[in-house]
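All remarks here apply to the structure that follows.
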2 protein chains.
Amino acid sequence: MATISDVATRAGVSTATVSRALNGKSTVDPELAARVLAAADELGYRPNGPARNLRKQETAVLALIISDVENPFFTAISRGVEDVAHSAGYSVVLCNSDDEPDKEREYIDVALQERVAGVLLSPAGAGDSADLLRTHGTPVVALDRPLPNSFGDTVLVDSRDAARDAALHLSAQGYRDIACITGPTGVLTADDRLAGYQDGLREAGRTVSDDLVRRCEFKAAGAKEAARSLLTQDPRPEAVLVANNAMAVGVLETMAELGLRAGRDVGVVAFDDAPWATLLDPPLTVVSQPAYDMGAVGAQLLLSRIGGDRTDASTTTLSAHLVTRGSSSRS
Amino acid sequence: MATISDVATRAGVSTATVSRALNGKSTVDPELAARVLAAADELGYRPNGPARNLRKQETAVLALIISDVENPFFTAISRGVEDVAHSAGYSVVLCNSDDEPDKEREYIDVALQERVAGVLLSPAGAGDSADLLRTHGTPVVALDRPLPNSFGDTVLVDSRDAARDAALHLSAQGYRDIACITGPTGVLTADDRLAGYQDGLREAGRTVSDDLVRRCEFKAAGAKEAARSLLTQDPRPEAVLVANNAMAVGVLETMAELGLRAGRDVGVVAFDDAPWATLLDPPLTVVSQPAYDMGAVGAQLLLSRIGGDRTDASTTTLSAHLVTRGSSSRS
DNA sequence: GTGAAAGCGCTAACAG
DNA sequence: CTGTTAGCGCTTTCAC
């Protein structure tokens with residue numbers, strides 16, 4: 001593959017001139033520049049990225065560490081990140097931590113080694129893997145969940161308020177004994193949604209009971225079980241707030257198996273909107289989260305840090321909103 | 001950040017020894033090796049990726065260029081790729097081409113520049129962007145759609161057979177005037193699915209008519225329109241084969257608007273299974289594609305090419321299978 | 001088994 | 001405005 005000196009030779013100039021011409025730095029005689037461009041073109045020359053990165057001591061690469069690309073919520077985040085990164089000339093390496101601290105740590109290691117310009121991280125748990133980044137001075141933005149000992153910027157969604165709204169809504173629709181299926185203890189979004197749910201119940205003057213709460217992984221399988229244990233109780237809860245999209249699938253499966261209809265038999269509200277939510281009968285009431293925006297804002301913040309902005313660590317909280325549909329109404 | 005010579009100094013050895021010790025190449029005196037390891041650890045040393053890549057003239061990075069991570073089909077592919085790549089010590093940079101040849105080309109340029117070890121590409125169209133890769137000798141694997149002038153390995157799904165099966169199935173269920181909504185002309189999977197649909201109709205002894213075919217982008221919006229134009233005809237088609245998941249959402253939306261029930265009023269089969277397909281009433285009959293496997297197999301092939309296997313370009317065809325559910329049955 | 005030294009391809013002083 | 005030169009951090013001959 002052609003190198004810069006091949007181009008230099010062919011254009012009859014020095015490598016420095018080629019570099020300048022190609023990078024548009026300082027000024028180069030138009031005629032020489034043209035010769036350089038021509039030579040580069042003829043040779044199919046492409047600057048060697050690693051060499052340039054080594055020399056400049058920086059790369060135009062961001063790492064995005066999320067739990068799972070197959071989760072539509074993270075998928076939307078990653079699209080937001082990619083769009084912003086790409087238009088700023090950055091590439092994105094995608095890492096699936098599966099919410100395993102070890103995997104997360106491993107990826108952070110790789111990111112450090114490759115000297116990525118910055119990292120967008122949706123932290124798996126209470127691990128300290130992000131400390132590595134701090135000690136190495138790599139800019140970080142936390143997405144969806146804050147970093148344990150917070151440094152760097154954070155972009156969150158106001159889950160708690162949204163969950164509260166959802167609980168109030170269910171209550172206002174006349175459902176009593178409202179249950180909640182949320183994620184594992186220690187995962188902030190899971191805890192927040194639970195807290196919001198409790199806020200809402202209290203505000204509505206309803207009793208708050210742990211018997212109506214289930215926790216499991218943020219996946220369909222666990223939620224399916226949880227829903228079964230919840231909905232086969234006597235008396236059966238009248239409604240349920242589900243903490244994410246994948247879980248909602250599990251809950252709705254259980255309901256179908258038990259012959260329970262959303263809305264009429266059990267009021268349902270789930271976090272995360274999806275294209276198919278309106279196709280259900282009745283359509284699913286959801287808490288819509290601004291996932292794409294979260295990615296885009298996060299990438300923006302990261303890029304400005306990389307650009308050298310030395311402001312204090314910020315926390316941006318985006319708000320989610322309730323989208324009312326048939327599954328949360330008896331009629 | 002600590003460099004290799006910092007480690008060397010601290011361990012009282014040469015940089016060569018550090019390199020050897022850390023990479024387990026040739027043999028190093030155990031005692032020295034231990035000193036090196038200790039020194040590296042104390043310094044929090046991490047080899048500089050770009051420097052190593054430059055020196056070795058190779059990187060442990062793969063590029064994955066797909067049309068859109070937000071499409072669950074590609075999402076599954078990307079997960080397959082990532083899992084395989086990661087366990088082989090490779091990272092993956094993710095690129096969304098949005099099926100725009102220009103964007104695809106741009107990403108290929110970046111890949112070349114960064115000297116990625118190989119590229120997994122789901123080609124946007126008839127563009128020649130992949131020629132760049134060939135001339136530069138970068139290994140490529142085509143995913144889901146073949147490269148225009150085929151070189152490198154290809155992993156496909158047998159869409160045509162699957163579409164044929166789907167059409168036969170609809171016919172066997174007693175639907176006449178079976179329609180098809182597929183993707184843009186020139187996109188092989190779109191054309192294949194149409195051809196398979198036609199195969200099936202012929203085989204079932206039904207007439208094949210262009211009036212029952214609609215083409216649009218592989219997205220919900222276009223399919224929604226297309227379905228409307230199809231289902232407001234008189235006489236109305238009795239069934240429809242939909243060429244992907246996103247489109248199915250559009251079609252089902254239109255059906256809901258028109259008060260048409262899947263199965264009873266219009267038989268529906270769509271490509272791509274989804275967790276929510278069973279939640280619909282009636283559940284959606286689908287052609288399930290092995291997307292994850294496609295990614296995994298593709299990554300495997302690419303890695304073995306990178307490893308130096310010089311076999312001829314291969315084509316692997318995975319098969320899709322029909323999953324029969326309520327939307328393709330009148331009862 | 002270990003060290004010295006060259007050099008991967010590029011950019012950025014520094015002279016001219 | 002252009003060329004010479006040094007050197008980014010690493011691996012890899014080549015001697016010893």
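The basis for the numbers below is simple: all heavy atoms, side chains too, and nothing from hydrogens, waters or symmetry mates.
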Whole angstrom is fine here: how far is it from [atom1] in [X] over to [atom2] in [N]?
| X | N | atom1 | atom2 | answer |
| --- | --- | --- | --- | --- |
| A:Arg20 | C:dT11 | CZ | C1' | 10 Å |
| A:Leu32 | D:dG3 | CG | P | 7 Å |
| B:Leu22 | C:dT2 | CG | P | 14 Å |
| A:Arg115 | C:dC10 | CZ | C1' | 18 Å |
| B:Glu58 | D:dT11 | CD | P | 11 Å |
| B:Lys25 | D:dT13 | NZ | P | 11 Å |
| A:Ile4 | C:dG7 | CD1 | P | 19 Å |
| B:Asn23 | C:dG1 | CG | P | 17 Å |

Heavy-atom count check: over 12 atoms from other residues, nucleotides or ligands less than 6.0 Å from [X] [atom1]?
| X | atom1 | answer |
| --- | --- | --- |
| B:Lys219 | NZ | no |
| A:Gln113 | CD | yes |
| B:Glu70 | CD | yes |

Choosing from [options], which nucleotide comes nearest the side chain of [X]?
| X | options | result |
| --- | --- | --- |
| B:Thr27 | C:dG1, D:dC8, C:dT11 | C:dG1 |
| B:Leu54 | C:dC14, D:dT11, C:dC8 | C:dC8 |
| B:Ala51 | D:dC10, C:dC10, D:dG3 | D:dC10 |
| A:Ala16 | C:dG3, C:dA12, D:dT11 | C:dA12 |
| B:Arg55 | D:dT4, C:dC8, C:dT11 | C:dC8 |
| A:Asp29 | D:dG9, D:dT2, C:dG3 | D:dT2 |
| B:Gln57 | C:dC14, C:dC8, C:dG1 | C:dC8 |

No-H, no-angle donor-acceptor pair, A:Arg46 side chain to C:dG9 base, under 3.5 Å: no
Taking atom OH of B:Tyr292 and atom CG of B:Asp83, what is their separation to the nearest 0.5 Å? 3.5 Å
Is the phosphate of [N], meaning OP1 or OP2, less than 4.0 Å from a side-chain N or O of [X]?
| X | N | value |
| --- | --- | --- |
| A:Arg52 | C:dG9 | no |
| B:Asn48 | D:dC8 | no |
| A:Thr17 | D:dG3 | yes |

Base, sugar-phosphate, or nothing: which does B:Asn53 touch, judged by heavy atoms less than 4.0 Å apart? nothing
Tell me what B:Pro50 touches on the nucleic acid: a base, only sugar-phosphate, or nothing, going by heavy atoms under 4.0 Å. nothing
Could you tell me whether a side-chain N or O of A:Asp68 sits under 3.5 Å from a main-chain N or O of A:Asp98, the two making a donor and an acceptor? no
Taking 4.0 angstrom as the limit, do A:Asp102 and A:Arg105 come out as a salt bridge? no
